[in-house]
Every structure is written in C-alpha cells, then in structure tokens.
There are 2 protein chains.
Amino acid sequence: MTAASITQATLALGDREGEKAMSMRRIAAELGCDPMAIYRHFPNREALLDAVADSVVAEVPAPGGGGPWDERIRVVLTGMRAVALRHPGIAGHIASRPPLGPCGRRVAGELFVALAEAGLAPGDVVRAFQALIAYAAAGLRMAVDAGVQDRRWQQVSAAMEGLPGEALPVVGSAEQFDYGLRLLLSGIRLEGERAAG
Amino acid sequence: MTAASITQATLALGDREGEKAMSMRRIAAELGCDPMAIYRHFPNREALLDAVADSVVAEVPAPGGGGPWDERIRVVLTGMRAVALRHPGIAGHIASRPPLGPCGRRVAGELFVALAEAGLAPGDVVRAFQALIAYAAAGLRMAVDAGVQDRRWQQVSAAMEGLPGEALPVVGSAEQFDYGLRLLLSGIRLEGERAAG
DNA sequence: ACCTGAACACCGTTCAAGT
DNA sequence: ACCTGAACACCGTTCAAGT
C-alpha cells in the first residue's frame, strides 16, 4: 500500500468503469483495504485525483527540440488531449483542473519556452499560456461530454439558418479541436510579430 | 408550484449558498415541499440546472446591431461571463454545459451571424463558434475556481524562469479572459480575410 | 501511536403505499 | 390517477473505540 499503488488502482478503475467508479469506497474495495487507509496517503479525494491526473500527464509526448514553436505547441496540446481521452475516467478531472504536479509543470514549461520563442513579452507569455490551457481544457471537456451533448449541440447548429446540416464538424472531435487551436496560434503569431517588428 | 418558481428558488439558493446547496432536498426545503414534487416538473436534477442556467443566460446583453462583428462577439462573450459570475451557484454548471435553452440559442445565433460577417465559410462558422464557446466556458471556469486555484496557478507561473513574479495577470481575471479572446478574434479575422481575398 | 470500521451527515432517485 | 414519503443504494469524511 503506497501512494503509487493507490494511484495506479484508481486509474485502472476509472479506465474500466468511468468517473463515478472512482469513489473512495470503490477504490478501497479494489485494493482490498478499508476506505480510511487511503487517507493515510492522501488528505482527501481531490488530492488523490490530482495525483492520478498527473500520472496520466506523464504520458504526454515531449516535442523534439528543433521544430518551430507553433508546431511544438500543437504537438503538446493535441498529445495532452489524446492521452487524457485514453483514460476516460480521469479525463473530466484533467479538463476541469489542469494538472499541476511535476508532469504538468514539465508540459507547462514546454509551452512557456515555445511562447517566448514566438516573440511575446513576458507578461503576454503568461496570458497566452493561460488562454491555451483554458482552450485545451475546454476542448477536452467537449470530447468527454460528446456522447451526452452531441445531439444538443447539433440541435443548436442545425437551428441556424443557411448552414448545411450534413457538413457539420463533430463536436469535440480532434478536427474541431485543431481548428480552434490554429486560430489561437494565428493570433499569437500576429502578436509576436507585432511585438518584435 | 410551477417550473418557473422552482427555477427561481434554485437560483436564489445557489446565489446565497453556492453550488452544493442546490440539491433536490435543499431546494425542496426552500420551497416547503417534498423533494419528489420537483420531479413532476423536471425529469432530473440535470434538467432543472439546465433551466436555471438558461434563465441566467437571459440576462446576457444583446449587442447593438450596428457595430463591427468582432466587437459584438466581445460584448456577448464578456457579457456572458459577467452575468454568470453574478450567479456563483450556477456559474460552474454554465461553464461545463453551455446552456442550449431558448436564451442560449439566442446568444448562439448572435455569434453565428457575427462569424458569417467575418467572412468565414459556413463550416468554419460552426468550427469557430465551437472554439469561442469552448474558450468562454473555460475562462468562466477559471474565474469560478480562482479562489481555489489561484495559488496553484501562481506556483506554476512563478516556477518559470525569467518572469517577473509581481506582474503576473490574475488567473481567471477579466483582463486575462479578454486577452485570450482577442487572440481568437485575431485568428478569426485573418481566416476571414484569407477566405474573402 | 497507529489503525480500523462504525457512524455522521448527506446525496439522487425509485417505488410502494396511501388518498 | 395522483401524490407522498419511506426506502434504496450510494457518497466523503470524522472520530471513537480498539490494538
């Protein structure tokens, strides 16, 4: 019974049975221990889920050092989305509380470096970073909820006149995510050029 | 006991005592009725919260018809954020499930029209719309969580080298939200010009 | 001192029993 | 047929009692 074994069991349970299965009682049952035994390694459920989230973020690929800054940001953020969706149980948690453990900080560091390379002023690096993380979290949430929300979203889109109902991009899809990410990166590129020139 | 009176009581309870106070039992106590009485007007708690969310979105200001498309988008989305933050109990729900009731559809319609005016192709209107809504939802969530997360976010920002710790924008602030929104709008403007020219 | 599990204070929702 | 509230199947966390 270590913090790592609890984290691992929680992740496995979430992968298998979803978000709601990761309750203190169910996790304890999975480990064959008393629910209270978990509190010896984590102060509360939130802290445990943070640890699980960070363990998932560890899988996010590191972009090669050489490429252009915008491509590196795309690799990191689409990687984060893909990795989170491979673990459906914890994906919702990652989407609502961007993980800030050691692995989360590594990813954050990569984004900071790339944004500085884009030519942004230090304060704007932080602002753009937060905007990117916010967008990534929201894109992930849309993907997580897609099963539930798709029909509702399609309703809204279809209700708008003059739009071909059949050509609509799927809500929460990788393509949709990438489109918005490219919009943000265009805005950042422009801002960096403005600051530099 | 109408759907409207239940919605109103739920909103008042949430404003007063926060998200967790809006339980079926607490709402029933507020109304002086049996918890099950609510189920005659709403199939479940989710549907009730959707109705509350939509009633809040009714307060979102309509932009004047005349202004430029990007300014109108800013008015609508910053208005949505401000309105939601005036109702802290339901703000979290609005952030995670963009409201798609009648009032939500009115707001969506305004965004669609503005994006078409920007010169985007129909399919890209939908894509950009989803990106904007995702960003708005995420910005709202950051504002809602600011009390909880601020210190954690500041940690990450402060951990990055070469950044002046004192000049950091406040996480979830209106200023931070506006910065990211302007990045997206820059990207959209560029895309519209590219499609037109 | 450490650990356990019973108990507390809740949930959303079902459903049988009453009118 | 309509309505009520007891009951079901859960929660996260506290804390007293045991070792």
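Below, chain A is the first sequence line, B the second, and so on; all start at residue 1.
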A:Asp54 side chain to A:Cys103 main-chain N or O, any donor-acceptor pair under 3.5 Å?
-> yes

Please answer: with hydrophobic residues joined when any side-chain heavy atoms are less than 4.5 Å apart, are A:Leu184 and A:Val75 in the same cluster?
-> no

A:Arg45 side chain to A:Met22 backbone, donor-acceptor under 3.5 Å = yes

Return the minimal non-hydrogen interatomic distance between A:Thr7 and A:Ser55, and the atom names on each side.
-> CG2-OG, 4.0 Å

Under a 4.5 Å side-chain heavy-atom rule over Ile, Leu, Val, Met, Phe, Trp and Tyr, are B:Phe42 and B:Tyr39 clustered together?
-> yes

Anything below 3.5 Å on both distances counts as a pair; with that, list the stems of at least three consecutive Watson-Crick or G-U pairs involving DNA chain C.
-> C:4-8 with D:12-16, C:12-16 with D:4-8

When rounded to the nearest 0.5 angstrom, what distance separates CG in A:Leu85 from CD1 in A:Ile90?
-> 13.0 Å

With rounding to whole Å, what would you report as the distance between D:dA9 and C:dC10 at their P atoms?
-> 22 Å

Under a 4.0 Å heavy-atom cutoff, the residues of residues 10-44 of chain A touching DNA chain D are A:Ser23, A:Met24, A:Arg25, A:Arg26, A:Met36, A:Tyr39, A:Asn44

Can you tell me how far the OH atom of A:Tyr179 sits from the CZ atom of B:Arg127, to the nearest 0.5 Å?
-> 7.0 Å

Roughly how far, to the nearest 0.5 Å, is the CZ atom of B:Arg182 from the CG atom of A:Leu190?
-> 13.5 Å

Can you tell me how far C1' of D:dT14 sits from CZ of A:Arg45, to the nearest Å?
-> 18 Å

